[in-house]
Amino acid sequence: MTNPATHFSHAISRRPGASATKGLRATDRGAPDLARMRSAHDAYIAALRSTGAKVTVLDAEEDFPDAMFVEDTALCLPDGAIMMRPGAASRMGEVAQMRPTLAALFNDLRDIGGPGHIEGGDILFTGREVLVGKSARTDAAGVAELRIILDEWGYSLRELQTPEGVLHFKTDCSLLDPETILSTRLLDTGGCFDGYRVLHLPEGEEAAANAIRFNDVVLLPDGFPKTAEMLTREGYDIRPIDNTDCALLDGGMSCLSLRFNI
Ligand code: GLY
C-alpha cells in the first residue's frame, strides 16, 4: 500500500496572476519577474505530471495576489478535506475560491470556522501523525479546531512552534519519506522530530528546506548544490525547480500545490 503522505494520485495548483507582484513578503527584495515565475510554475506542473499524477491547474485569481500558494487554503487527507482559515487577512478570501474545486472531489469537506486561524503551510502530515506549528498565521484556537476534526478521523495531532521570523512550519522542513525529514537546524530543536531520521540542511542552504516528496521524486528549489548532492547521495530522485520568484514572496515547493489521493 502506498503512503498517503508521499504518494498521490492528484494535485491542484493555481497559475500565478499578474497581481502576484503584490504578494505578501516579510522583506521586500524586489518584485518577482512574472514571465520567469510562470515558466518555473510550468516546470513545477510538468514535474508533478511526470510521476503519472493528474494535476488540475486552476486559473489565476487576480483579486488574491498570493492565491498561487494554494496549499494554505486546505488540508487534504484520505478521509476528506478541511478548508483552512488563513491568518493573513488578505488571504482569507482564497479559501472560498478553492472550496468548490475540493467540494467536487471530496465527499467529506469540513471548514475551520474560527475564531482561530490556521494555514496549510504550518501542517506537516507524515503518514503517522499530523504536526502543526503555531506561527504568526496559525494560532492555538485554529489548531484546536483542526484537532477536533482529526480526532474524529483517527489522526494524532502534535502541536509545535514555528520559530520566530519563519513564515510557516514547512518553510523550514519537508517530508522526504515516511521516516525521514529534511529540516533546518533551527527548527529541529526541542525534539519536534524525535522518532524520525532527520537530514539537516547544509549551512547556508536553509532556504532549500521547503521541498516536496511527490510519488517517486523530490521537487527541490534549484540553486542549492550541497542539498541536491546530499539528497542524491541518500537515494532520492530530485527535480530542481527554479524558485527565485516565489522565494521573493516567501513561497516554496509545498506552497504551490494541494496533493492527495482520491
Ligand atoms: N506570500 C506568501 C504568504 O505570505 O502567505
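All values reported here derive from a predicted model rather than from experimental measurement. All ligand and atom numbering here is 1-based and tracks the order in the structure.
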Quick one: list whatever passes salt bridge (Lys or Arg N to Asp or Glu O under 4.0 Å) with Arg15, sequence neighbours left out.
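In terms of salt bridge (Lys or Arg N to Asp or Glu O under 4.0 Å), with neighbours along the sequence ignored, Arg15 is linked to Asp42.
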
Can you tell which part of [X] has a heavy atom less than 4.0 Å from ligand 1: side chain, backbone, both or neither?
X	result
Asp250	neither
Arg91	side chain
Glu119	neither

Is it the case that atom CG in Asn107 sees more than 12 heavy atoms from other parts of the structure closer than 6.0 Å?
no

May I ask you to list the atoms of ligand 1 that are less than 4.0 angstrom from any heavy atom of [X]?
X	value
Leu249	1 (N), 2 (C)
Phe69	1 (N), 2 (C)
Arg137	3 (C), 4 (O), 5 (O)

I want to know if ligand 1 touches Asp66 in the polar sense, i.e. an N/O pair below 3.5 angstrom.
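Yes; at least one N/O pair falls below 3.5 Å.
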
Any N or O of Gly23 closer than 3.5 Å to N or O of ligand 1
no

Can Glu179 and Arg128 be said to form a salt bridge (Lys or Arg N to Asp or Glu O under 4.0 Å), step by step?
CA-CA 9 Å; Glu179 309 302 329; Arg128 71 173 93 146; 2.8 Å; yes

Have Arg137 and Ser135 got a donor and an acceptor in their side chains that come within less than 3.5 Å?
no

Could Arg259 and Phe125 be counted as a cation-pi pair, given that NZ or CZ must be under 6.0 Å from the ring centre and within 45° of the axis?
no

Counting distance only, does the side-chain N/O of Thr162 pair as donor-acceptor with the main-chain N or O of Lys134 below 3.5 Å?
yes

